[in-house]
Amino acid sequence: MTVSETLAKLKTDKGIEPKANYTGVERADDFIFAIQTCAEQTKVGDWIVCAERVKEHSGALNATTEDNSYIRAGTVTEKGEVQRTFALNGNRCVGDAAQDFLLSHKVKFGSGQSVIFPYVYFSVKTGKGEKGHAAFIVTSDTSGAAGAAAGFACDVKGIGTPSEYDSLTDPDMQTQAAPGKAVKA
């Protein structure tokens with residue numbers, strides 16, 4: 001399912017749509033993680049959402065640090081660059097566009113630039129998040145014991161610093177039309 005389709009379904013089925021002034025609790029289910037799986041997907045709304053049978057798309061920030069001792073100040077920890085990472089895992093669902101892409105031979109056995117893709121990660125409550133590039137490293141493609149669902153896992157390692165993203169200000173993501181104007185899908 002694409003980002004646009006996911007947002008439309010959330011609005012129809014659950015009455016959820018991003019609001020800039022939202023305050024309150026956010027749950028893991030309130031975040032969208034999507035990947036640009038082909039060059040023809042020029043708009044974020046066309047990117048493929050990782051959700052079908054996905055149990056987790058946990059984000060983490062891994063900062064480098066260096067401890068230095070200074071005269072009369074003692075030990076000081078200095079923060080360096082930060083790398084964004086995600087842990088994707090769930091049960092295998094053949095036919096899901098995101099899983100079929102991630103578990104393709106090209107991605108599983110690819111290396112270098114061939115496994116770096118654009119991603120977007122944002123809240124369906126606020127519309128705010130990030131957009132960047134990451135290396136997708138499949139660590140398991142058919143895990144599981146006899147009789148259990150086959151699982152998959154993928155480590156996502158950010159490249160550089162992602163840019164801030166807001167689906168409410170992205171002109172390609174506008175789903176609510178002004179009076180007399182057509183609605184974009």
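Scope of the values below: all heavy atoms of this structure, side chains included, with no hydrogens, waters or symmetry mates.
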Once the angle between the rings of Phe101 and Phe117 is folded into 0 to 90°, is it parallel (under 30°), tilted (30 to 60°) or perpendicular (over 60°)? perpendicular
With the 4.5 Å side-chain cut-off for hydrophobic clustering, are Val120 and Val115 part of the same group? no
Main chain of Ala87, side chain of Glu56: is a donor-acceptor contact present, judged purely on distance under 3.5 Å? no
In terms of heavy-atom contacts, Gly151 and Ser140 come closest through O-OG, 4.1 Å
Sub-3.5 Å donor-acceptor pair from the side chain of Trp47 to the main-chain atoms of Gln41, do we have one? yes
Inter-residue atom distance Asp100.CG - Thr37.OG1, 0.5 Å rounding: 10.5 Å
pair Phe31-Ser123: side-chain heavy atoms closer than 4.5 Å: yes
Any heavy-atom pair between the side chains of Leu103 and Val107 that's under 4.5 Å? no
Can you list the residues that meet the side-chain contact (heavy atoms from CB on, under 4.5 Å) rule with Ala51, with sequence neighbours excluded? Val49
Residues Asn68, Glu66; criterion side-chain contact (heavy atoms from CB on, under 4.5 Å); working and verdict: CA-CA 6 Å; Asn68 292 300; Glu66 182 180 350; 3.3 Å; yes
Would a single hydrophobic cluster contain both Phe33 and Ile16, if residues Ile, Leu, Val, Met, Phe, Trp and Tyr are joined by side-chain heavy-atom contacts under 4.5 Å? no
Between the side chain of Thr126 and the main-chain N/O of Tyr22, is any donor-acceptor distance below 3.5 Å? no
Looking at OG1 of Thr6 and NZ of Lys11, how far apart are the two atoms once the value is rounded to the nearest 0.5 Å? 15.0 Å
Using the rule that Ile, Leu, Val, Met, Phe, Trp and Tyr join whenever any side-chain heavy atoms are under 4.5 Å apart, tell me whether Val138 and Ile35 fall into a single cluster. yes
Given Glu52 and Met1, is the side-chain contact (heavy atoms from CB on, under 4.5 Å) satisfied, shown in steps? CA-CA 9 Å; Glu52 186 65 37; Met1 192 176 296; over 6 Å; no
Would a 4.5 Å heavy-atom cut-off, applied to side chains only, mark Thr2 and Ile48 as touching? yes
Donor-acceptor pair, distance only, cut-off 3.5 Å: does the side chain of Gln99 make one with the backbone of Asn91? yes
Begin with the C-alpha distance, continue with both residues' side-chain angles, and end with the deciding distance and a verdict on side-chain contact (heavy atoms from CB on, under 4.5 Å) for Ser163 and Lys131. CA-CA 5 Å; Ser163 59; Lys131 183 178 175 185; 3.9 Å; yes
Do Phe136 and Val156 come close enough that some side-chain heavy atom pair is under 4.5 Å? yes
Would you say the side chain of Val124 lies within less than 4.5 Å of the side chain of Ile32, judging by non-hydrogen atoms? yes
Do you reckon Val54 sits in the same ILVMFWY cluster as Tyr121, going by side-chain contacts under 4.5 Å, direct or chained? yes
Intermediate values then yes/no, side-chain contact (heavy atoms from CB on, under 4.5 Å), Thr142 and Arg92: CA-CA 7 Å; Thr142 56; Arg92 182 66 177 110; 5.9 Å; no
What class does the angle between the rings of Phe122 and Tyr165 fall in, given that below 30° is parallel, 30 to 60° is tilted and above 60° is perpendicular? tilted
To the nearest 0.5 Å, what is the distance between NZ (Lys157) and CD1 (Ile116)? 13.5 Å
Are the charged groups of Arg53 and Asp96 less than 4.0 angstrom apart, N to O? no
Please round to the nearest 0.5 Å and tell me the distance separating atom CD1 of Ile137 and atom SG of Cys154. 7.5 Å
With a 6.0 Å cut-off (strictly less than), is the heavy-atom count around CD of Glu81, excluding the residue itself, greater than 12? no
